[in-house]
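Shown next, in structure tokens, is the structure this report addresses.
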Amino acid sequence: MNSRIFALVDCNNFYVSCERVFNPKLENKPTVVLSNNDGCVIARSQEVKDLGVTMGAPIFKLKELVEREKINVYSANFPLYGDMSHRVMATISEFVPDVEIYSIDEAFLDLTNLRVPDLTKFCIKLRKTIYKWTGIPVSIGVAPTKTLAKAANKLAKKQFRDIGVFNFFEHLGNEEEFLKLIPVGDLWGVGRAYTKFLNQHNINNAFELKSLDIGYVKQVMTVAGERLVMELNGEPCYLLEKNPKLKKNIAFTRSFGEYQTKLDQVEEAVAYFSRKIGEKLRKEKELAQFLQVFILTNFHNKNLPQYHNSVIIKLERPTNNSITLIKEALRGLKYIFKDGYQYKKAGVISLGLIPESHRQYDFFCDPNDEKYLQKDLMATLDKINFEVNSDSVKFAAEGVSRKWWMNQTKKSQRYTTNWKELPKAIAE
DNA sequence: TCTGGGGTCCTAGGACCC
DNA sequence: TCTGGGGTCCTAGGACCC
């Protein structure tokens, strides 16, 4: 029997909590953070959840509610959230050696070999420390599998909100009671489609799913469903993944602030996206073998003529050279761009990524000839753009007008990542 | 008027081969 | 009317995650 102890640490309303750290007046006030382009709600404070606002709700539909309830609205400030995430993860790592950073606001911990007298007390203390050191409130779930740790975290957030910790090991023997409190749709791996299906078959909570015949579950929910039921029964299928896997795709896509109709404007956007792809690839030390470019009109607006298209380009040699990426992406764009449409969004995706160190040398190419990557030039650009300002050095193809740039009218400052925007302490 | 962005994994079905 | 039987590889689409 190879039993393990997993914990999931999840930041509460993460983006809203980040805004609150630097603007304490938002504490206990209904607050939301919007997606890029100020389109829809991507983070809600508890007060806003209680008002019934759903994740992803378009903000323009909530105008009245925002005014009536005096909801504080913020544009997304990802550099700030990324930096705060870093601080939370660093704090956790001070106390636990086995940490998997699962997303910007979540970490799995393996506590199996952590010799502490009382797991629950340890987690309560960890939670308090994270809050003290970073200002971010978190919830912690503890259980014998990752899926159950996720479920425990839901309980910690709802039924056990005052302590913020739920430890399944304290309730061995009567898990049933707690699993019945968790709707199937709240489980890790059960999305909209499966929730609908399961509900139609009268499977409504985690206990009912756990009790199903595993062969049946595999048949209707494939292997992911099979693993899910095993995990609910306390058999770990997923272990801690400490070393982040290399990415297989890297994308940069954006909606435009206003419709774009002209090729040259879309070209500027695509050139910018391509440079960003190059930067990301070099940061990950990967090379792309293919590049995909796509453009879309606004599919929400049924009154406008619709068009969407994409093209995949095989790169002559695997590369992360921004200059090559821009050139190839623009070639692709010309191929799919059609006049007469109002474009709302475009994107560039690099595919077939391979590690720089595993580059398959071209048969005809001298193995020492990596000139085409222009490593020194790219390293210099990166040094300036990463250390000074991400847009210090651009390429001519990106243009300067940026007519496509997104709308972000309610952005907080970059309190932690830009010297000019550090919070000021004002004596009153 | 106004609806995000970035990922992963799995499967079915077609093309192709012997 | 009957119309082989495997394999493998690739891709599109769907499901999920945050």
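We name chains A, B, ... by the order of the sequence lines, and we start the count at 1 in each one.
- For C:dC17, neither phosphate oxygen OP1 nor OP2 lies less than 4.0 angstrom from any side-chain nitrogen or oxygen of A:K150.
- Closest to the side chain of A:E106, out of C:dC18, B:dT11, C:dA15, is C:dC18.
- Between A:N36 and A:F60, the residue anchored nearer the 5' end of DNA chain B, judged by the nucleotide with its closest heavy atom, is A:F60.
- Inspection of the A:N12 and A:S139 side chains reveals an N or O donor paired with an N or O acceptor under 3.5 Å.
- For A:Q408 and B:dG5, the CD to C1' distance is 12 Å, given to the nearest whole Å.
- Proximity of A:R254 to the phosphate of B:dG6: a side-chain N or O atom is located under 4.0 Å from OP1 or OP2.
- Note: A:F166 and A:F160 have tilted aromatic rings, judged against thresholds of 30 and 60 degrees for the angle between ring planes.
- Between A:D50 and A:R44 there is no salt bridge, since no side-chain N of the basic residue sits under 4.0 Å from a carboxylate O of the acidic one.
- The phosphate of B:dT8 (OP1 or OP2) has a side-chain N or O of A:N249 nearer than 4.0 angstrom.
- Nucleotides of DNA chain B nearest to A:Y259 and A:S255 differ in position, and the one nearer the 5' end is that of A:Y259.
- Which of B:dC10, C:dC17, B:dT1 sits closest to the side chain of A:W188 comes down to C:dC17.
- In this structure, CE of A:M55 is placed 14 Å from P of B:dG5, rounded to the nearest angstrom.
- Distance CZ (A:R192) to C1' (C:dC18): 15 Å, rounded to an integer number of Å.
- Taking the six-membered ring for Trp, A:W404 and A:Y259 have ring centres at least 6.0 Å apart.
- Using Watson-Crick or G-U wobble geometry with both donor-acceptor distances under 3.5 Å, B:dG5 finds its partner in C:dC18.
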